[in-house]
Structures are given as C-alpha cells and as structure tokens.
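The next block holds one structure in the form of structure tokens; read it before the comments.
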Amino acid sequence: MTASTPTPAPAASAARRRLARARRRQSLARSWAAYRAQRTGMIGLVLLGAIVVLAIAAPVLVDESALSVTQATGGRMEPPSAAFPLGTDEVGRSVLALTLWGSRISLLIGLTATVVAVVIGTAVGVTSGHVGGWYGWVALRVSDWFMVLPSLVVAIALLAVLGRSMATTIIVIALVSWSGTTRLVRAQTLTVQSRPYLERARALGAGHWHQMTKHILPNVLPLVLASATLLVPSAILMESSLAWLGLGDPNVVSWGSILNRASDNGAVSAHAWWYLLPPGLAILLVVLAFMMCGRALEAVFNPRLRGESA
Amino acid sequence: MTLLEFRDVHVTYTGSRGRIPAVRGVDLTVEAGTTLGIAGESGCGKSTLAMAVLRLLPKTAEVTGEILLDGEDLLAMGWGRLRAVRWTGASIVFQGAMHSLNAVQRIGRQVAEPMLVHDKGLSAAAAAKRAEGLLERVGLPASRARSYPHELSGGQRQRVMIAMALACDPDLIIADEATTALDVMVQAQVLQLISGLVSERGVGLVMISHDLSVLSSVCDTAAVMYAGRVVEQGPAREVFAQARHPYSAALGAAFPVIGDPASRRNPGGLAGDPPDPARLPEGCSFRPRCAVAVERCGEAAPELLHIGGARSSACFVAQEGEPVVIG
Amino acid sequence: MTADGPTPADAAAPSGAAPSAGRRPGRVANGFGRYLCKHVAGAAVSLLLVLFSSFFIFRLIAGDPIDQLTKERPVSPEERAALRAELGLDRPMWEQFWDYIIGTLTMDLGDSFQYRRPIFDLIVERLPATILLSGTGMVLAVLLGFWIGTRTGWRQGSRYDRGHVAAGLLLYSAPTFWLGMIVILVFARYLGIFPVNGMRSPSTPPQFWPQALDIAHHLVLPVLTYTAVVYAGYLMIMRSSILDEIGSDYLTTARAKGLRDDQVRDRHAVPNALLPTVTLVFLAIGGIVNGSIVTEAVFSWPGLGSLFVQAVFYPDRPVLQALFVLFSASTILAVLAAEILYWFIDPRIRKS
C-alpha cells in the first residue's frame, strides 16, 4: 500500500486511508459501547445468536429424514412423550424436528427478503435524493405509491400470480417492503447533501459516483442498518402469514407452513396444543429478538432517541 | 417591602458527567415595584436561577437554599400551593417566543388559559374578553386572539408572551432574555412596553439578559453573574458606566454604545470561554480570563463584599479600591 | 402482526410535505385550492396506477379463465368461443382495458367466476361483516395504543413505561393467525365460552336482539386477537411522538402557568403529538375495508378478507381484480383525506 499506487502522493493518500480506517474503527467501537449499554438490546442479541446457532446446527441435531412424510415414525398427533418431546404432527413427524428445520427457511426468507428490500430501497433512496430532478420525482412517487398500498393484499395477489416458491416469496416480500427504506434514505441523503463537506467535494470536482459511495452512503448506512434490523421481523411475520394462508413454497418446511398444516388438519379442534405452540412461539421469539436489537440500534444511531432506556 | 429574595441558592445538575454546579450560592433581593437586572454570558447560571424561582428546572437539577416570594419559601412549598403561586405570584416572559407558545393553539386561548386555571369562577367568554384586552394593552389588535403563533412576527409573539405574563396580575414578572431574539427597533419597543407596564402596575421585575446596556436602560439595580455566582451588584447605571469587577467591565465593553461611534468600531471583547462548570479553576473562577488578576486570586475565591455606596464586588482588586480596567 | 397496522419503526410523518407555494393570510382559499388540487391529482394518479396494475397483473394468472369458469363440465369449442365473446375476452386488450376502467368507475365490476354472481353484490353483502370486525378492532387498537402510548411516553423510563412497552412488543411479535388459533384453543375449545368461528349460529332466533347478541358473542375473539396484535404499533408511535414533544419550551410555559401535570400533557403535549399521527389513523381507517385478511381467515369470518383469500385459491380473477382495487383505493383515499385534514388541523401547513 505504498509506492505502487499511481496517485501523485501515494504516501499521503495511504496515510489518509489509514486515518479514515482508524476513525471508522473508533466510531464502530463507540457505537458498540452505546449498544452494549442497552440491556434489552443485549438480551435480543443473545436470543438471536442462540436461534441462529440452532438453525445452522439443525442438520446436525436432527436428520433431514425426520421431515419425510413417508418415513414418519410416530402416530397421528401424539402428545409429547420421551420419543417426541414436542409430540407429533398429523402424519407422525416430530414437531420438534419440524420446528428446528423450519427455522432455517423462515430465517432464510426473512433475511434474504430484507436484504433485497434494503438494497433496492437504499439504491433508489440515494440516487433519487442525490440526482433529484425528474428521476428523483418519479422515484419518490413510486415509493410513495408502494407505501400506501396495503402490503399483505399486494403480497397475496402477487404470489397468486407468480406462483408459490421460495424465490417468489422473497421477491414479493421485498417488493412490499422496500419503500420505507427509500424514504428514510432519501431524507438522510438530502440532509447529508446540504452539508458543507459535500459542497467542498463537489467544488473539488468529485463525480456523482464518488459523492454517493464515499460521502453519502457511509452517512446513511448506520440508519439503514437499524431500519433493516426492524424490517426482518416484519418480513418473517409476512412470510409466516403467507405460508399459513397456503401461499408458501409447498416443498419446504417453514414455521408458517407447519401451522398451515396444523390448521388444515384440525389441530385446534384436536386440542393438539403441542403442534401449535412450538412454531408460533418460535416466530414470536425471533421477531421479538430482532425487534429488541433493532430498537437498540435505532437508539444508538438516531440521536433523537438517544438516552432511551428501552 | 421585599418581594423576592434568594438566600444562598445553589443549583446542581446531576448528569452523565457527574454533579455539575450551575448556581453556587446566590443572594439577591427584589423590592416590590423595582426592577433587578441579571447579566452574564450564556451558561453563567442566570436562566437557571430564573427557572428555579417557579421550580421549572428538570428533575436532574437539585435546588438548595431559600427562594422567598412575599416571605414564603417557594422551595419548601407543596405542589398544590406551588401551582397556585405559579403565574399568580410570579410569571415569566420566556425567551424564544416561537417555541414557548403552543404552535397548534390560538393566541387568545393561550393568554386566557392561566386565568381559567387560577380563577375557577371565571367563564371562558370573560377570560377570552380579558385576553383580548391584554393583547390590546401590549399593542396588538384584539383580532390577533384568533391567530396562531406562526402567523405573527417575532416582535408580536414576544408581545403575546408579555400579555400572557400579565394575565393573572402577578406581583413579580421574570423576563428571561425577552428581547434577545428581536431586532434593535423592536427590542426598544418591547423594552419600553415592559418598563411602562412595570411602573404603571407597580410589579417587581427581574430582567435577565446578556446585554448590560439593555439592563441599564430598564433596571434599577443590576447583578452580574459569572460561573454561577454574583460577581458584582449595584445601581444598574453605575455598574454599566463604571464597573467594579473586571468581568462586568468586559461585558459592558462588549456591546457598542448607541451614540458612541468609537465603541461601535472597536467593541471590547473578552478572550477565552467561560469555565466548564464541572471543572472550575481554583480561587476566583474569572482569574484565567482576567487582565488585572493578582496572586491572591489563585488562592481563594473572593466573596461579594460591599465596596462603598450601594455597590458590591467579588474582586480582590476592586475591594482594595484599585481600578479593574487597564488603560 | 401481519402488516395490518403500523410497525413501531414507521415514521409517522405526513406523506405530503408542507406545500412550497407561498400565500398570504388573506388568500387562504386560493392556497387551499392549490393544496387540494395537488393532493387530489396525486391520489388520482395513484388510483389510475392501481387500476392499471390490477388489470394486467391478474391477467398473468396461469390458466384460461374459461377453464376456471367451466370447471365441472365438459364444453365444446363453440361453447368456449361463445363464452369468450360473452366475457369480451376475444376483443383487443386495450378495448378490454377501457371497458374495465369504465366498468370499475361505474361500479359494474362483472361477475364472480366462483359464485356466478355480480361482484358488486358480493362486496355489498360482505362489507358490513368486515367493517364490524376490523372497525371495532381498529378503533379499540388506536384508542388503547394512543392512550397507553401517551402515558408511557410522558413517563419515559418508569416501570409503567417499561412494562407496557414490553407487553406491547411481545403481543406485536405474535403472528396474528397463531394468536387467533391459540385464542380459539383456549376460549372456545377448552373453556367453551365463545364460539369457534363464523359470525352467527344457525339456531339463533331471527329477532333483532338475539341476532345482535349472537353476532357480538362471535365478535369477541376475533376483535380481541386483532386488537391485541395491532395496538402495540399505535402505542409505540404515540409514545415516540410524545417523546418528541417532551422537552419542548411550550410545555415549560404551560407548567409555569400553574397547570397540573396531566393538564400539561392532555392540553398541550397530546394535541401536538397527535398531529404527526393523523396520516396513520387515516391509514388505519382506510385499512378497515380490507380488514384483517388473516383474522377473517382464522375465524372464518364472512367478510371481504376471506372472500379475497378464497378468490386467490379458486382463482377468481374478477373478484381479485375488484378487491385489489377496492382495498388499495380505500387506503389511497384515506391518505388523501388525512392530507386534506392536515390543512385544517395543522396551522403550520398554511404558513407562508
């Protein structure tokens, strides 16, 4: 990182980069300290860590054959026993195994959909705020339009059209969730835009790409991180609702689809509480964990909320 | 008759940086029908002192000492009695009328509100009528009662604040930087209005400003505060014209004197910043910025002592009769 | 929670920023005219986009609508052609689109494939049930959320605050359909004190009072479920709105005037804190029409939501189209109403 760089003053630019890195590390450490000070945020993080570990370790803990309908070993809706700690479903599969494996799909869809939504939202937000003009106006209108449309209605309608698969579920959830990020990012971009150092960058001849990636984006990302963390729980809830309605991928097991089978097969009238509670509580816990983390992050990055104990 | 008396008032904030003293032992009195000016830089504790009178400070502030209004200690009052005294015993003209008025409530209602709170027998219509009268009294058309704060200019809003302060005929009015945000012409009008009302109604006035010239034109006595303490006190004109504390001298010189072109072209300033209240210097807290400091100043903090006439100063140099201004 | 209510992360700002046009107090009417035009035009464009997308999106559903219409019986090619002509499917796309727009605007929504009846009649039939369920639930959720949110925000960090925020978040995190199933399991199956699903029992006498009581009895569990999941969103929004106001100078003024703490809160802080939530409340009102699709599905409530879900699985394209437009239009119009209302309740919007 020295003489080989073809800039006029390689040493100086390397030093600058080092400085920038050190500063970034420092602010990261500060944010982490602020985050750690929040008890609910830490509880959420630990909870989330535990769930993610369980989801990753699911194949080690329970063999995938436990999900097979044909190889099921238990009876129909057996209450919890030593062999099946959380009872069995209507074809005799272990509810514990289903719930464990379901976590993989639910988290995968929730996280992927959020990433897609946030990437779209940030890209549209930064460009519309930075470029402005005709493009900015149209982008704002379109995101406003998506914001007003009832998201579950749109998601159901789109899934009905696009067909049921994990990919379509992810696309549909991302499509109904990107607009919030856009609005947030756009507003933040406009604020950053008016700061003097960006004016200086412009005066020094910085191109749009440089301005957006080097100046605007780093300033926008903390807020995006906080809002993305709060977007994951709604994506997970949306996925579970869609799957419960019967619009999920029929070939995979998610918490929503477990509950879909439960209600289709009369688990409620059979009083099979062991079939209903585990997947539902799993959704509740994951959503809660993300909410706790997201709110703590928001308190760290949003000065207005700083000092909030929750 | 003594209307308001501060006796050894301390205000300490507890925050993330520990306990921070904002006011450190203030003794002041205001006689009925007279005006007291309190001057000082922002952060010297003058607004904290004003807010302490009606106990409007946040919960993180601890107030000790006594604040007597008509002989009654405000700091020892129960909440019910305190609420009854608020606005009827003493009212405040807040700084920054834009934010001190409720943006979504009509002016008339805001002026009439304290009347209705304190006089249960008063009908809403009668209160509204009186509010209109007060608006006229401060030079606004009665029709302004139906306006919202943002529809008024800065000077008009400040007049509304004054009308509001008069609503319950208080014995004492505290004007906290009431004219600071206004331009010079409007400032002069508002000052005239305030002093007119004071002499007409015989109320006591505590006027807080960082501008000594404003105080000298309105007030009978003046107190200069620095780092939470009163450093000089005396008849307002004398303090302004001939300071007996180097800080008041600097404060007076910082503002151009109207009609004196020399001062306008060359306003005196004061180097440095007021001390961090969490880390006050040893001895006299003004010492680091003081041009006439002597050795003693670093050893002990000077008390506020009489130095002849009606004047007091908390400066060793002045107490020895030496001049506090160089040159 | 299933996206029927606000998320605690939602910024509750009015979507239309204060208009840029300057105006003098004397020309308020003119200013209002421009403000109104701007927002009505915006809403009209949004509505057109909805009509446009609903027409084309649902055309992509796999399968020939004729097959869906004639599911149970074999049909000859001639019959198919006749049916196509009858439905107008043989005409050019733009003509069909034009007919669709005109039809929608004149409330002629066509016939349902599934019920073979005019969709308009179906909607009129099912709308009251939806409004009863989600209207009751929404009103309760907003009132409860705002009431508690005001108090938690006002006493931030207190035990009351922490307790309510925790309870709200917990309920908010529960999926609606799951909570509904658990509620049914406990109150209807185990305890047997409420009916399992539906809106009325067939055995109830046809007179008004027995019928009303029966419906109310059926209404309890769905409303309970719906409110429980949705109120937390309103709580968090009101709480943060109050927190925004809490350090304001005008509250110090109010305190100095001698108002009691609750008077300061209710007369000064709440009106200011409510302003930014108006859009949200109207979105909630608009959302009443599409109701809670999920709640209706759990409790087999005979409203528009369950009609929509049925239509997805049939698939009943005309019904999907009509309901999609209805649901979207109701929220768009609700937001428009909120924007118009802002003109009257937020004096700052009118400022020059």
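By convention in this document, chain letters (A, B, ...) are assigned in the order of the sequence lines, proteins followed by strands, and residues within each chain are numbered from 1.
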**Request:** May I ask you to test the A:Leu281-C:Trp178 pair for a side-chain heavy-atom distance under 4.5 Å?
**Result:** yes

**Message:** Please give me the minimum heavy-atom distance between A:Val153 and C:Phe327, naming the atom from each residue.
**Reply:** CG2-CD1, 3.4 Å

**Asked** Could you state the interatomic distance from CG (C:Leu169) to OG1 (A:Thr40), rounded to the nearest 0.5 Å?
**Response** 9.0 Å

**Asked** Going by heavy atoms in the side chains, are C:Thr176 and A:Leu237 under 4.5 Å from each other?
**Response** no

**Criterion side-chain contact (heavy atoms from CB on, under 4.5 Å) on A:Met147 and C:Val335, from CA distance to verdict** = CA-CA 11 Å; A:Met147 200 116 170; C:Val335 170; over 6 Å; no

**Complete:** Residue from A:Leu162, A:Val176, A:Val286, A:Ile283 scoring the most non-hydrogen pairs under 4.5 Å with chain C is A:Ile283

**Prompt:** Taking C-beta and beyond as the side chain, do A:Trp273 and C:Ile182 meet within less than 4.5 Å on heavy atoms?
**Reply:** no

**Request:** Mind ranking A:Gly246, A:Gly163, A:Ala262 by heavy-atom pairs under 4.5 Å with chain C and telling me who comes out on top?
**Result:** A:Gly246

**Closest non-hydrogen atom pair, A:Gly280 against C:Pro175** = O-CD, 4.3 Å

**Asked** Measuring heavy-atom distances to chain C, does A:Ser177 have an atom under 4.5 Å in its side chain, in its backbone, in both, or in neither?
**Response** neither

**Request:** Find out whether A:Leu288 and C:Tyr172 are in side-chain contact, i.e. whether some heavy atom of one side chain is under 4.5 Å from a heavy atom of the other.
**Result:** no

**Prompt:** chain A heavy atoms under 4.5 Å from C:Val50: which part of the residue, side chain, backbone, both or neither?
**Reply:** both

**Item:** Heavy-atom contact with chain C under 4.5 Å, split by part of A:Leu242
**Value:** neither

**Fill in**
The interface call for C:Leu170 against chain A, heavy-atom contacts under 4.5 Å, is both

**Asked** Which of the residues A:Ile156, A:Leu149, A:Leu159, A:Leu158 is involved in the greatest number of heavy-atom pairs with chain C at under 4.5 angstrom?
**Response** A:Ile156

**Message:** Taking side chain as everything from C-beta outward and backbone as N, CA, C, O, which of these in C:Ser54 sits under 4.5 Å from a heavy atom of chain A? Side chain, backbone, both or neither.
**Reply:** neither

**Prompt:** Is a side-chain N or O of C:Ser46 found less than 3.5 angstrom from the main chain of A:Trp145, in a donor-acceptor match?
**Reply:** no

**Request:** Find the distance between CG (C:Leu171) and CG (A:Leu284) and round it off to the nearest 0.5 Å.
**Result:** 8.5 Å

**Fill in**
All heavy atoms of C:Thr331 vs all of A:Val148, minimum pair found to be OG1-O, 3.2 Å

**Asked** C:Val298 versus chain A, heavy atoms under 4.5 Å apart: side chain, backbone, both or neither?
**Response** both

**Heavy-atom side-chain proximity of C:Phe177 to A:Leu259 below 4.5 angstrom** = yes

**Asked** How far apart are the closest heavy atoms of A:Val268 and C:Arg189, and which atoms are they?
**Response** O-CG, 3.7 Å

